[in-house]
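These values consider heavy atoms only, across backbone and side chains, with no hydrogens, waters or symmetry-generated copies. Residue numbers begin at 1 in each chain, while the letters A, B, ... track the order of the sequences.
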There are 2 protein chains.
Amino acid sequence: MNAASADQPAPRRSKPDVVDAAMSVLAENGIAGLSMRRIADELDVQVSALYWHFPNKQALLAAVSARMVAGESDAESDAPDLTATATALRDRLLAHRDGAEVVSSSLALGLLDLPARQRLVDAALAAGLTDAAAEVAADTLVHYVIGFTFHEQQRMHAAVIGAADASVDLSPARLASPGASPDDDFAAGLALIVSGIRSAAVAGR
Amino acid sequence: MNAASADQPAPRRSKPDVVDAAMSVLAENGIAGLSMRRIADELDVQVSALYWHFPNKQALLAAVSARMVAGESDAESDAPDLTATATALRDRLLAHRDGAEVVSSSLALGLLDLPARQRLVDAALAAGLTDAAAEVAADTLVHYVIGFTFHEQQRMHAAVIGAADASVDLSPARLASPGASPDDDFAAGLALIVSGIRSAAVAGR
DNA sequence: ACCTGAACACCGTTCAAGT
DNA sequence: ACCTGAACACCGTTCAAGT
(Lines give C-alpha, C1' and ligand atoms only; values in the text may rest on other atoms or scores of the structure.)
Protein backbone atom coordinates (compact mmCIF):
# COMPACT_ATOMS: atom_id res chain seq x y z
CA MET A 1 0.00 0.00 0.00
CA ASN A 2 1.59 3.28 -1.05
CA ALA A 3 1.39 6.73 0.47
CA ALA A 4 -1.87 7.68 -1.28
CA SER A 5 -3.78 4.90 0.51
CA ALA A 6 -5.53 2.03 -1.25
CA ASP A 7 -7.55 4.36 -3.55
CA GLN A 8 -6.82 4.99 -7.19
CA PRO A 9 -3.65 7.07 -7.58
CA ALA A 10 -5.38 10.21 -8.93
CA PRO A 11 -6.40 9.19 -12.47
CA ARG A 12 -5.16 11.51 -15.24
CA ARG A 13 -7.64 12.18 -18.05
CA SER A 14 -6.88 12.06 -21.73
CA LYS A 15 -8.47 14.01 -24.57
CA PRO A 16 -10.72 11.07 -25.53
CA ASP A 17 -11.91 10.88 -21.92
CA VAL A 18 -13.05 14.49 -22.10
CA VAL A 19 -14.89 13.78 -25.35
CA ASP A 20 -16.54 10.74 -23.74
CA ALA A 21 -17.74 12.86 -20.84
CA ALA A 22 -19.04 15.56 -23.20
CA MET A 23 -20.97 12.99 -25.19
CA SER A 24 -22.68 11.56 -22.16
CA VAL A 25 -23.61 15.03 -20.89
CA LEU A 26 -25.00 15.77 -24.34
CA ALA A 27 -27.04 12.57 -24.33
CA GLU A 28 -28.53 13.36 -20.94
CA ASN A 29 -29.03 17.12 -21.16
CA GLY A 30 -29.04 18.09 -24.82
CA ILE A 31 -26.98 20.87 -26.34
CA ALA A 32 -28.61 23.51 -24.12
CA GLY A 33 -27.36 21.67 -21.05
CA LEU A 34 -23.91 20.93 -22.44
CA SER A 35 -21.82 23.28 -20.31
CA MET A 36 -18.14 23.08 -19.47
CA ARG A 37 -19.06 22.84 -15.79
CA ARG A 38 -21.29 19.84 -16.33
CA ILE A 39 -18.61 18.10 -18.37
CA ALA A 40 -16.10 18.79 -15.61
CA ASP A 41 -18.51 17.36 -13.02
CA GLU A 42 -18.90 14.22 -15.11
CA LEU A 43 -15.12 13.81 -14.96
CA ASP A 44 -14.81 14.76 -11.28
CA VAL A 45 -12.54 17.60 -12.20
CA GLN A 46 -12.48 21.40 -11.97
CA VAL A 47 -13.76 23.32 -15.03
CA SER A 48 -10.38 24.87 -15.60
CA ALA A 49 -8.86 21.42 -16.08
CA LEU A 50 -10.75 21.10 -19.37
CA TYR A 51 -8.79 24.02 -20.76
CA TRP A 52 -5.59 22.05 -20.52
CA HIS A 53 -7.04 19.51 -22.97
CA PHE A 54 -8.93 21.89 -25.28
CA PRO A 55 -8.35 25.59 -25.95
CA ASN A 56 -12.08 26.37 -25.80
CA LYS A 57 -15.57 24.94 -25.91
CA GLN A 58 -15.88 25.07 -29.71
CA ALA A 59 -12.74 22.95 -30.13
CA LEU A 60 -14.18 20.37 -27.74
CA LEU A 61 -17.46 20.43 -29.65
CA ALA A 62 -15.55 19.87 -32.88
CA ALA A 63 -13.98 16.75 -31.38
CA VAL A 64 -17.44 15.57 -30.34
CA SER A 65 -18.70 16.24 -33.88
CA ALA A 66 -15.84 14.31 -35.43
CA ARG A 67 -16.68 11.33 -33.28
CA MET A 68 -20.34 11.50 -34.31
CA VAL A 69 -19.63 11.37 -38.02
CA ALA A 70 -16.54 9.16 -37.94
CA GLY A 71 -16.73 6.12 -40.16
CA GLU A 72 -20.30 6.47 -41.31
CA SER A 73 -20.52 3.04 -42.84
CA ASP A 74 -22.26 3.20 -46.18
CA ALA A 75 -23.10 -0.41 -45.40
CA GLU A 76 -21.88 -1.57 -48.80
CA SER A 77 -18.88 0.76 -48.43
CA ASP A 78 -17.60 0.19 -51.97
CA ALA A 79 -19.69 1.57 -54.80
CA PRO A 80 -20.35 5.25 -53.97
CA ASP A 81 -24.08 5.97 -53.90
CA LEU A 82 -25.67 9.39 -53.40
CA THR A 83 -28.84 8.21 -51.68
CA ALA A 84 -27.12 5.67 -49.43
CA THR A 85 -24.43 8.10 -48.33
CA ALA A 86 -26.87 10.91 -47.57
CA THR A 87 -29.12 8.53 -45.65
CA ALA A 88 -26.19 7.13 -43.68
CA LEU A 89 -25.16 10.65 -42.69
CA ARG A 90 -28.67 11.42 -41.52
CA ASP A 91 -28.72 8.22 -39.45
CA ARG A 92 -25.47 9.25 -37.80
CA LEU A 93 -26.88 12.64 -36.87
CA LEU A 94 -30.12 11.12 -35.58
CA ALA A 95 -28.15 8.68 -33.43
CA HIS A 96 -27.01 11.53 -31.16
CA ARG A 97 -29.16 14.04 -29.32
CA ASP A 98 -28.98 17.39 -31.14
CA GLY A 99 -26.46 15.76 -33.49
CA ALA A 100 -27.33 17.97 -36.46
CA GLU A 101 -26.90 21.20 -34.51
CA VAL A 102 -23.56 20.18 -33.03
CA VAL A 103 -22.21 19.08 -36.40
CA SER A 104 -23.67 22.11 -38.17
CA SER A 105 -21.81 24.61 -36.00
CA SER A 106 -18.49 22.77 -36.16
CA LEU A 107 -18.83 22.49 -39.90
CA ALA A 108 -19.70 26.13 -40.39
CA LEU A 109 -16.72 27.20 -38.33
CA GLY A 110 -14.46 25.08 -40.51
CA LEU A 111 -13.47 22.90 -37.56
CA LEU A 112 -14.80 19.63 -38.94
CA ASP A 113 -14.03 17.47 -41.92
CA LEU A 114 -17.06 15.53 -43.07
CA PRO A 115 -16.01 12.16 -44.55
CA ALA A 116 -19.43 11.81 -46.16
CA ARG A 117 -18.81 14.87 -48.30
CA GLN A 118 -15.95 13.26 -50.17
CA ARG A 119 -18.01 10.14 -50.76
CA LEU A 120 -20.82 12.28 -52.15
CA VAL A 121 -18.38 13.99 -54.49
CA ASP A 122 -17.14 10.59 -55.66
CA ALA A 123 -20.68 9.37 -56.21
CA ALA A 124 -21.54 12.49 -58.21
CA LEU A 125 -18.42 12.05 -60.34
CA ALA A 126 -19.34 8.42 -60.92
CA ALA A 127 -22.77 9.62 -62.01
CA GLY A 128 -21.07 11.68 -64.71
CA LEU A 129 -20.88 15.22 -63.29
CA THR A 130 -17.94 17.55 -63.91
CA ASP A 131 -15.60 18.25 -60.99
CA ALA A 132 -17.15 21.62 -60.19
CA ALA A 133 -20.70 20.30 -60.53
CA ALA A 134 -19.90 17.34 -58.28
CA GLU A 135 -18.72 19.70 -55.51
CA VAL A 136 -21.89 21.74 -55.80
CA ALA A 137 -24.00 18.59 -55.74
CA ALA A 138 -22.23 17.30 -52.61
CA ASP A 139 -22.68 20.61 -50.78
CA THR A 140 -26.33 20.77 -51.77
CA LEU A 141 -26.93 17.31 -50.34
CA VAL A 142 -24.99 18.09 -47.16
CA HIS A 143 -27.00 21.26 -46.61
CA TYR A 144 -30.22 19.39 -47.17
CA VAL A 145 -29.36 16.50 -44.82
CA ILE A 146 -28.18 18.77 -42.02
CA GLY A 147 -30.97 21.30 -42.49
CA PHE A 148 -33.69 18.68 -42.51
CA THR A 149 -32.31 16.78 -39.53
CA PHE A 150 -31.57 19.93 -37.54
CA HIS A 151 -35.16 21.01 -37.98
CA GLU A 152 -36.47 17.58 -37.07
CA GLN A 153 -34.36 17.32 -33.92
CA GLN A 154 -35.24 20.82 -32.71
CA ARG A 155 -38.88 19.91 -33.11
CA MET A 156 -38.37 16.82 -30.97
CA HIS A 157 -36.96 19.07 -28.28
CA ALA A 158 -39.78 21.56 -28.64
CA ALA A 159 -42.28 18.74 -28.36
CA VAL A 160 -40.76 17.56 -25.08
CA ILE A 161 -40.71 21.08 -23.66
CA GLY A 162 -44.16 21.72 -25.04
CA ALA A 163 -42.94 25.16 -26.00
CA ALA A 164 -44.13 25.30 -29.58
CA ASP A 165 -47.58 24.19 -30.54
CA ALA A 166 -46.93 21.09 -32.58
CA SER A 167 -49.30 22.16 -35.34
CA VAL A 168 -46.94 24.91 -36.48
CA ASP A 169 -44.83 22.57 -38.52
CA LEU A 170 -42.72 23.50 -41.49
CA SER A 171 -44.93 21.14 -43.44
CA PRO A 172 -48.58 21.40 -42.38
CA ALA A 173 -49.19 19.03 -45.25
CA ARG A 174 -49.70 16.34 -42.62
CA LEU A 175 -53.29 17.12 -43.55
CA ALA A 176 -52.82 16.18 -47.19
CA SER A 177 -50.80 13.03 -46.50
CA PRO A 178 -51.27 12.17 -42.84
CA GLY A 179 -49.39 8.88 -43.19
CA ALA A 180 -46.01 10.42 -44.05
CA SER A 181 -43.29 10.09 -41.42
CA PRO A 182 -40.17 12.28 -41.18
CA ASP A 183 -38.28 9.39 -42.77
CA ASP A 184 -40.63 9.39 -45.75
CA ASP A 185 -40.41 13.15 -46.10
CA PHE A 186 -36.64 13.03 -45.91
CA ALA A 187 -36.48 10.32 -48.55
CA ALA A 188 -38.87 12.20 -50.83
CA GLY A 189 -36.86 15.44 -50.66
CA LEU A 190 -33.64 13.52 -51.15
CA ALA A 191 -35.08 11.82 -54.23
CA LEU A 192 -35.88 15.23 -55.66
CA ILE A 193 -32.28 16.41 -55.34
CA VAL A 194 -30.78 13.16 -56.56
CA SER A 195 -33.03 13.30 -59.60
CA GLY A 196 -31.82 16.83 -60.27
CA ILE A 197 -28.23 15.67 -60.03
CA ARG A 198 -28.89 12.84 -62.48
CA SER A 199 -30.32 15.20 -65.07
CA ALA A 200 -27.34 17.54 -64.61
CA ALA A 201 -25.16 14.58 -65.55
CA VAL A 202 -27.13 14.01 -68.70
CA ALA A 203 -27.20 17.72 -69.56
CA GLY A 204 -23.46 18.18 -69.01
CA ARG A 205 -22.52 15.28 -71.27
CA MET B 1 -43.92 73.42 -17.73
CA ASN B 2 -45.30 70.48 -15.78
CA ALA B 3 -43.96 68.71 -12.71
CA ALA B 4 -41.59 66.44 -14.64
CA SER B 5 -39.56 69.43 -15.91
CA ALA B 6 -39.06 70.27 -19.58
CA ASP B 7 -37.74 66.80 -20.47
CA GLN B 8 -39.67 64.09 -22.27
CA PRO B 9 -42.45 62.72 -20.04
CA ALA B 10 -40.91 59.26 -19.60
CA PRO B 11 -41.43 57.63 -23.01
CA ARG B 12 -43.23 54.27 -22.92
CA ARG B 13 -41.93 51.63 -25.29
CA SER B 14 -44.04 49.48 -27.55
CA LYS B 15 -43.39 45.97 -28.81
CA PRO B 16 -42.13 47.26 -32.19
CA ASP B 17 -39.70 49.54 -30.33
CA VAL B 18 -38.20 46.52 -28.60
CA VAL B 19 -37.86 44.72 -31.93
CA ASP B 20 -36.19 47.80 -33.42
CA ALA B 21 -33.68 47.85 -30.59
CA ALA B 22 -32.99 44.14 -30.93
CA MET B 23 -32.37 44.52 -34.65
CA SER B 24 -29.86 47.30 -34.18
CA VAL B 25 -28.02 45.36 -31.47
CA LEU B 26 -27.96 42.39 -33.84
CA ALA B 27 -26.58 44.53 -36.65
CA GLU B 28 -23.79 45.87 -34.46
CA ASN B 29 -22.88 42.81 -32.39
CA GLY B 30 -24.13 39.73 -34.23
CA ILE B 31 -26.18 36.97 -32.68
CA ALA B 32 -23.44 36.15 -30.14
CA GLY B 33 -23.70 39.69 -28.78
CA LEU B 34 -27.49 39.86 -28.86
CA SER B 35 -28.23 39.75 -25.14
CA MET B 36 -31.31 40.95 -23.30
CA ARG B 37 -29.09 43.36 -21.34
CA ARG B 38 -27.70 44.97 -24.48
CA ILE B 39 -31.19 45.36 -25.93
CA ALA B 40 -32.33 46.96 -22.68
CA ASP B 41 -29.35 49.35 -22.77
CA GLU B 42 -30.24 50.33 -26.33
CA LEU B 43 -33.71 51.27 -25.06
CA ASP B 44 -32.44 52.98 -21.87
CA VAL B 45 -34.45 50.56 -19.80
CA GLN B 46 -33.87 47.84 -17.21
CA VAL B 47 -33.59 44.26 -18.51
CA SER B 48 -36.65 43.21 -16.62
CA ALA B 49 -38.73 45.72 -18.56
CA LEU B 50 -38.30 43.60 -21.69
CA TYR B 51 -40.21 40.79 -20.01
CA TRP B 52 -43.31 42.89 -19.88
CA HIS B 53 -43.30 43.04 -23.71
CA PHE B 54 -42.10 39.50 -24.45
CA PRO B 55 -42.35 36.35 -22.32
CA ASN B 56 -38.77 35.30 -23.13
CA LYS B 57 -35.84 35.83 -25.46
CA GLN B 58 -36.98 33.26 -28.04
CA ALA B 59 -40.31 35.05 -28.47
CA LEU B 60 -38.46 38.31 -29.06
CA LEU B 61 -36.19 36.57 -31.55
CA ALA B 62 -39.24 35.21 -33.33
CA ALA B 63 -40.55 38.76 -33.74
CA VAL B 64 -37.17 39.80 -35.11
CA SER B 65 -37.28 36.86 -37.54
CA ALA B 66 -40.76 37.74 -38.70
CA ARG B 67 -39.61 41.26 -39.48
CA MET B 68 -36.64 39.94 -41.46
CA VAL B 69 -38.73 37.76 -43.76
CA ALA B 70 -41.84 39.93 -43.93
CA GLY B 71 -42.96 40.78 -47.44
CA GLU B 72 -40.09 39.25 -49.36
CA SER B 73 -40.95 40.87 -52.66
CA ASP B 74 -40.62 38.36 -55.47
CA ALA B 75 -40.06 41.44 -57.59
CA GLU B 76 -42.66 40.32 -60.14
CA SER B 77 -44.90 39.23 -57.26
CA ASP B 78 -47.51 37.60 -59.47
CA ALA B 79 -46.50 34.40 -61.27
CA PRO B 80 -45.05 32.08 -58.62
CA ASP B 81 -41.52 31.05 -59.52
CA LEU B 82 -39.38 28.55 -57.60
CA THR B 83 -36.01 30.09 -58.41
CA ALA B 84 -37.08 33.69 -57.88
CA THR B 85 -38.78 32.95 -54.56
CA ALA B 86 -35.83 30.96 -53.20
CA THR B 87 -33.41 33.66 -54.30
CA ALA B 88 -35.53 36.40 -52.76
CA LEU B 89 -35.57 34.52 -49.45
CA ARG B 90 -31.82 34.18 -49.51
CA ASP B 91 -31.45 37.90 -50.19
CA ARG B 92 -33.63 38.65 -47.18
CA LEU B 93 -31.48 36.49 -44.94
CA LEU B 94 -28.26 37.98 -46.28
CA ALA B 95 -29.59 41.49 -45.66
CA HIS B 96 -29.34 40.95 -41.90
CA ARG B 97 -26.31 39.91 -39.89
CA ASP B 98 -26.69 36.24 -38.89
CA GLY B 99 -30.13 36.33 -40.54
CA ALA B 100 -30.13 32.64 -41.44
CA GLU B 101 -29.31 31.52 -37.92
CA VAL B 102 -31.94 33.71 -36.31
CA VAL B 103 -34.63 32.59 -38.74
CA SER B 104 -33.54 28.97 -38.54
CA SER B 105 -34.03 28.73 -34.79
CA SER B 106 -37.39 30.51 -34.81
CA LEU B 107 -38.54 28.27 -37.62
CA ALA B 108 -37.41 25.06 -35.95
CA LEU B 109 -39.18 26.03 -32.74
CA GLY B 110 -42.38 26.57 -34.70
CA LEU B 111 -42.48 30.23 -33.75
CA LEU B 112 -42.26 31.64 -37.27
CA ASP B 113 -44.44 31.49 -40.33
CA LEU B 114 -42.37 31.79 -43.50
CA PRO B 115 -44.41 33.52 -46.23
CA ALA B 116 -41.96 32.27 -48.84
CA ARG B 117 -42.89 28.67 -48.08
CA GLN B 118 -46.45 29.12 -49.28
CA ARG B 119 -45.25 30.80 -52.45
CA LEU B 120 -42.92 27.87 -53.06
CA VAL B 121 -45.79 25.44 -52.61
CA ASP B 122 -47.86 27.46 -55.09
CA ALA B 123 -45.02 27.50 -57.58
CA ALA B 124 -44.54 23.74 -57.24
CA LEU B 125 -48.26 23.16 -57.76
CA ALA B 126 -48.19 25.41 -60.82
CA ALA B 127 -45.29 23.29 -62.10
CA GLY B 128 -47.58 20.27 -61.93
CA LEU B 129 -46.69 18.53 -58.65
CA THR B 130 -49.27 16.81 -56.46
CA ASP B 131 -50.19 18.48 -53.16
CA ALA B 132 -47.97 16.22 -51.07
CA ALA B 133 -45.05 16.49 -53.48
CA ALA B 134 -45.36 20.27 -53.56
CA GLU B 135 -45.03 20.43 -49.77
CA VAL B 136 -41.94 18.24 -49.86
CA ALA B 137 -40.47 20.36 -52.65
CA ALA B 138 -41.07 23.58 -50.71
CA ASP B 139 -39.46 22.20 -47.55
CA THR B 140 -36.50 20.90 -49.50
CA LEU B 141 -35.91 24.33 -50.97
CA VAL B 142 -36.35 26.07 -47.62
CA HIS B 143 -33.83 23.75 -45.99
CA TYR B 144 -31.38 24.33 -48.79
CA VAL B 145 -31.69 28.12 -48.74
CA ILE B 146 -31.37 28.37 -44.97
CA GLY B 147 -28.62 25.76 -44.73
CA PHE B 148 -26.53 27.34 -47.46
CA THR B 149 -26.94 30.87 -46.16
CA PHE B 150 -26.38 29.86 -42.53
CA HIS B 151 -23.11 28.26 -43.51
CA GLU B 152 -22.08 31.24 -45.59
CA GLN B 153 -22.84 33.75 -42.85
CA GLN B 154 -21.06 31.75 -40.15
CA ARG B 155 -18.00 31.65 -42.38
CA MET B 156 -18.14 35.44 -42.74
CA HIS B 157 -18.06 35.67 -38.96
CA ALA B 158 -15.22 33.15 -38.70
CA ALA B 159 -13.28 35.09 -41.28
CA VAL B 160 -13.58 38.31 -39.27
CA ILE B 161 -12.54 36.56 -36.05
CA GLY B 162 -9.82 34.68 -37.86
CA ALA B 163 -10.80 31.65 -35.83
CA ALA B 164 -11.11 29.09 -38.60
CA ASP B 165 -8.48 28.77 -41.24
CA ALA B 166 -10.27 29.88 -44.37
CA SER B 167 -9.01 26.92 -46.38
CA VAL B 168 -11.22 24.49 -44.49
CA ASP B 169 -14.24 25.28 -46.58
CA LEU B 170 -17.20 23.00 -47.15
CA SER B 171 -16.27 23.24 -50.81
CA PRO B 172 -12.51 23.14 -51.38
CA ALA B 173 -13.42 23.02 -55.04
CA ARG B 174 -12.29 26.63 -55.20
CA LEU B 175 -9.28 24.91 -56.71
CA ALA B 176 -11.27 23.39 -59.56
CA SER B 177 -13.29 26.52 -60.32
CA PRO B 178 -11.60 29.45 -58.59
CA GLY B 179 -13.93 31.97 -60.20
CA ALA B 180 -17.12 30.78 -58.51
CA SER B 181 -18.65 33.11 -55.91
CA PRO B 182 -21.08 32.07 -53.14
CA ASP B 183 -23.83 33.52 -55.34
CA ASP B 184 -22.82 31.27 -58.22
CA ASP B 185 -22.61 28.23 -55.96
CA PHE B 186 -25.99 28.99 -54.47
CA ALA B 187 -27.54 29.38 -57.91
CA ALA B 188 -25.97 26.15 -59.13
CA GLY B 189 -27.25 24.10 -56.19
CA LEU B 190 -30.66 25.72 -56.51
CA ALA B 191 -30.78 24.82 -60.19
CA LEU B 192 -30.09 21.20 -59.27
CA ILE B 193 -33.07 21.06 -56.93
CA VAL B 194 -35.40 22.94 -59.27
CA SER B 195 -34.49 20.58 -62.05
CA GLY B 196 -35.31 17.64 -59.78
CA ILE B 197 -38.68 19.21 -58.99
CA ARG B 198 -39.42 19.67 -62.68
CA SER B 199 -38.76 16.03 -63.44
CA ALA B 200 -40.96 15.00 -60.50
CA ALA B 201 -43.76 16.94 -62.19
CA VAL B 202 -43.23 15.05 -65.41
CA ALA B 203 -42.97 11.70 -63.62
CA GLY B 204 -46.11 12.25 -61.57
CA ARG B 205 -48.22 13.09 -64.60
C1' DA C 1 -50.02 49.66 -18.11
C1' DC C 2 -45.25 49.91 -17.89
C1' DC C 3 -41.05 49.97 -15.46
C1' DT C 4 -37.23 49.73 -11.47
C1' DG C 5 -34.03 47.35 -8.36
C1' DA C 6 -32.34 43.54 -6.70
C1' DA C 7 -31.66 39.00 -6.62
C1' DC C 8 -31.00 33.83 -8.28
C1' DA C 9 -28.74 30.41 -10.60
C1' DC C 10 -26.12 30.01 -13.96
C1' DC C 11 -22.35 30.79 -18.03
C1' DG C 12 -17.08 30.59 -20.71
C1' DT C 13 -12.49 31.79 -19.84
C1' DT C 14 -8.10 33.08 -17.37
C1' DC C 15 -4.41 32.47 -14.27
C1' DA C 16 -1.46 31.89 -10.41
C1' DA C 17 -0.33 28.14 -7.80
C1' DG C 18 0.19 23.40 -6.61
C1' DT C 19 2.01 18.29 -7.46
C1' DA D 1 2.21 17.13 -17.53
C1' DC D 2 -2.02 17.76 -15.43
C1' DC D 3 -4.95 19.84 -12.16
C1' DT D 4 -6.97 23.13 -8.20
C1' DG D 5 -9.07 27.37 -6.43
C1' DA D 6 -10.53 31.55 -7.10
C1' DA D 7 -11.77 35.15 -9.69
C1' DC D 8 -13.76 38.11 -13.86
C1' DA D 9 -17.18 39.52 -16.73
C1' DC D 10 -20.91 38.10 -18.23
C1' DC D 11 -25.78 35.44 -19.03
C1' DG D 12 -31.65 34.64 -18.94
C1' DT D 13 -35.32 34.97 -15.85
C1' DT D 14 -38.22 36.21 -11.70
C1' DC D 15 -40.49 39.15 -8.61
C1' DA D 16 -41.83 42.49 -5.28
C1' DA D 17 -42.44 47.15 -5.50
C1' DG D 18 -43.17 51.61 -7.54
C1' DT D 19 -45.94 55.18 -10.63
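Contact annotation for B:V47: base contact, defined as any heavy-atom pair under 4.0 Å involving a base atom.
Evaluation of atom-type donor-acceptor distances gives a pair under 3.5 Å for the side chain of A:S48 against the base of D:dG5.
OP1 and OP2 of D:dA1 both lie 4.0 Å or more from every side-chain N or O belonging to A:R12. Taking side-chain N and O atoms only, A:H53 has a distance below 4.0 Å to OP1 or OP2 of D:dC3.
Sequence order on DNA chain D of the closest nucleotides to B:R37 and A:R37 puts A:R37 first from the 5' end. Residues A:M36 and B:W52 both approach DNA chain C. Their nearest nucleotides, taken by heavy-atom distance, put B:W52 toward the 5′ side.
Nearest to the side chain of A:A49, among D:dT4, C:dC11, C:dC3, sits D:dT4.
The aromatic rings of B:H143 and A:H151 stand perpendicular to each other, their planes meeting at an angle above 60°, with 30° marking the opposite boundary.
The nearest whole Å value for the distance from the CG atom in B:L50 to the P atom in C:dC3 is 9 Å. If you take CG of B:D41 and P of C:dT4, they are 11 Å apart, rounded to a whole angstrom. Between the CD atom of B:Q46 and the P atom of C:dA7 there is a distance of 13 Å, given to the nearest Å. At whole-Å resolution of the value, CG in A:N29 and P in C:dC10 are 12 Å apart. Distance CG (B:D44) to C1' (C:dC2): 16 Å, rounded to an integer number of Å. In this structure, the CZ atom of B:F54 is 16 Å from the C1' atom of C:dA1, given to the nearest Å. For the pair B:Y51 OH and C:dG5 C1', the interatomic distance rounds to 16 Å; values are reported in whole Å. We find that NZ of B:K57 is positioned 14 Å from C1' of C:dC10, with the value rounded to whole Å.
The separation of D:dA9 from C:dA9, taken at their P atoms, amounts to 22 Å, rounded to a whole angstrom. A gap of 12 Å separates the C1' atoms of C:dC8 and D:dC11, to the nearest Å.
The closest donor-acceptor contact from the side chain of B:R117 to the backbone of B:V142 lies at 3.5 Å or more, if one exists at all. Formation of a donor-acceptor pair under 3.5 Å by the A:Q153 side chain with backbone atoms of A:A100 is found in this model. Using modelled atom types, no side-chain atom of B:T149 and backbone atom of B:I146 make a donor-acceptor pair closer than 3.5 Å. B:D122 contributes no side-chain N or O that, together with a main-chain N or O of B:P80, makes up a donor-acceptor pair within less than 3.5 Å.
Using the Watson-Crick or G-U wobble rule with both distances under 3.5 Å, D:dC10 pairs with nothing in any strand shown. Nucleotide D:dG5 forms a Watson-Crick or G-U wobble pair with C:dC15, both donor-acceptor distances falling under 3.5 Å.
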